[in-house]
Amino acid sequence: MNTVEPTNVLENALQQLNDAAALLDLEPAIHAKLSKPKRALIVSVPTRMDDGHFEVFWGYRVQHNMDRGPCKGGIRYHPSVTLDEVTALAMWMTWKCAVVNIPYGGAKGGVICDPAQMSEGEIERMTRRFVAELVEIIGPDQDIPAPDVNTNERTMGWLMDTYSMQVGHSVPAVVTGKPIAIGGSLGRSQATGRGVALVAREALATHGMAVEGARMVVQGFGKVGGAFAELIEGLGAAVIGVSDVSGGIYNAAGLDIGELTRHVIETGYVEGFPAGEPITNEELLALECDVLVPAALENVFTADNAGAVRARMIVEGANGPTTPEADRIFADRGIFVAPDILANAGGVTVSYFEWCQGLQAYFWTEDEVNERLEEIMVRAFGEVYAESQSRGVDMRAAATAVAVGRVAEAVRVRGIYP
Ligand code: GLU
């Protein structure tokens with residue numbers, strides 16, 4: 001699986017698996033099985049554009065593992081999507097579901113496109129054709145998609161409708177992160193950010209610190225970073241820096257997240273927010289703070305900039321923001337990292353709740369959703385922290401070991417067919 005562009009996220013993911021395999025003394029057959037995805041589908045997605053001409057996009061769905069249950073994972077729309085990237089993200093979904101101990105394997109999907117340059121009608125037609133191409137391999141018992149970068153409730157509504165039209169009846173449980181009107185879960189839209197906030201709270205507590213008064217910096221102000229900033233501000237933290245693709249803003253006394261959100265809704269970007277100083281993304285990542293939350297894309301922290309980070313801890317809202325070299329630098333410098341597969345698992349956890357509610361056709365209150373999410377996140381953090389202490393390894397190695405251990409046990413008790 002060669003990439004078209006120089007991304008190494010799959011190498012990073014495999015490196016993490018190899019480290020966990022060594023730590024667990026994993027059987028070679030299981031290690032080899034988990035190194036490769038179970039199934040990868042490549043499709044072309046012909047789409048009629050508004051001016052009448054057709055664009056043919058590449059779409060991918062990679063199902064990494066189904067040993068603990070159906071596959072689960074989002075679909076992203078981005079110009080930099082590659083098969084290797086989607087494969088790495090699918091593997092991370094397997095570990096993520098295992099870390100929080102929900103009965104799923106991992107998958108991921110992506111379409112190479114630039115939704116910022118497309119109309120809503122174009123995105124809808126592309127989505128519907130992509131889903132039509134996936135119909136054989138997705139479904140409530142085998143693979144349940146969800147939102148990811150540049151996809152949202154609306155995209156998931158089209159997905160649910162297209163799948164349902166193809167099979168001839170309504171199947172709400174084929175997708176999560178869908179609108180409430182068709183079986184979405186209360187609390188799902190903020191769930192990833194809420195989980196990141198809970199993990200930040202737990203991580204601070206291991207350092208004898210409280211959220212109240214802690215200084216937060218957030219890279220990315222979308223579904224994850226935006227919700228995190230709002231919730232953590234509500235818990236009494238000061239969000240001193242925020243950035244998005246337009247650049248960053250800084251206010252040592254704490255940004256007003258409600259005002260910033262209104263500004264972003266009006267203008268589209270954090271740029272130009274009056275109650276803060278403009279800073280670059282690089283400056284933002286080097287701000288002195290208690291918790292730094294990357295909540296955008298992969299490979300944000302590398303060997304080149306990890307030495308400049310002045311955060312006490314990093315809590316990963318994004319998937320794959322830290323390369324293995326950067327991880328080593330953070331470990332040497334004593335910077336605590338709560339890894340993606342633990343820290344951002346709140347989204348898939350509430351996706352699991354949404355799927356359960358859909359299959360039972362019985363819906364929970366928002367308080368019930370949030371309480372159960374908290375219970376799962378706190379338990380998972382505690383288990384990973386205990387593993388990290390007992391093995392004397394960093395939190396990523398501990399989380400991956402916990403996850404790989406659970407998946408390996410499923411493979412062991414099932415056996416490898418035939
Ligand atoms: N895309 C999200 C993630 O990376 C959510 C996946 C899901 O809910 O299935 O965790």
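Whatever order the structure lists ligands and atoms in, that order sets their numbers, starting from 1. Nothing fancy with the numbering, it's 1 onward along the sequence.
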Are any side-chain N or O atoms of S388 and backbone N or O atoms of A398, one a donor and one an acceptor, separated by less than 3.5 Å? no
Under 6.0 Å between the ring centres of F330 and F301? yes
Hits for salt bridge (Lys or Arg N to Asp or Glu O under 4.0 Å) against E387, two or more places apart or cross-chain, chain-then-number order -> R391
Name all pairs fulfilling the salt bridge (charged side-chain N to carboxylate O under 4.0 Å, His left out) condition that reach into residues 32-41, sequence neighbours left out, sorted by first residue then second. K33-D67
Quick one: sort the F336 and Y385 rings into parallel, tilted or perpendicular, breaks at 30° and 60°. tilted
Dump all N/O pairs between ligand 1 and the protein below 3.5 Å as a table: atom names plus distance, one pair per row.
residue: ligand 1; atom: 1 (N); partner: P147; partner atom: O; Å: 2.9
residue: ligand 1; atom: 1 (N); partner: D148; partner atom: OD1; Å: 2.8
residue: ligand 1; atom: 4 (O); partner: K96; partner atom: NZ; Å: 3.1
residue: ligand 1; atom: 4 (O); partner: K108; partner atom: NZ; Å: 3.1
residue: ligand 1; atom: 4 (O); partner: D148; partner atom: OD1; Å: 3.4
residue: ligand 1; atom: 4 (O); partner: N319; partner atom: ND2; Å: 3.0
residue: ligand 1; atom: 8 (O); partner: R188; partner atom: NH2; Å: 3.1
residue: ligand 1; atom: 8 (O); partner: S351; partner atom: OG; Å: 2.6
residue: ligand 1; atom: 9 (O); partner: K72; partner atom: NZ; Å: 2.8
residue: ligand 1; atom: 10 (O); partner: K96; partner atom: NZ; Å: 2.6

Scan residues 167-184 for pairs that pass salt bridge (charged side-chain N to carboxylate O under 4.0 Å, His left out), counting only residues two or more places apart or in two chains. K178-E354
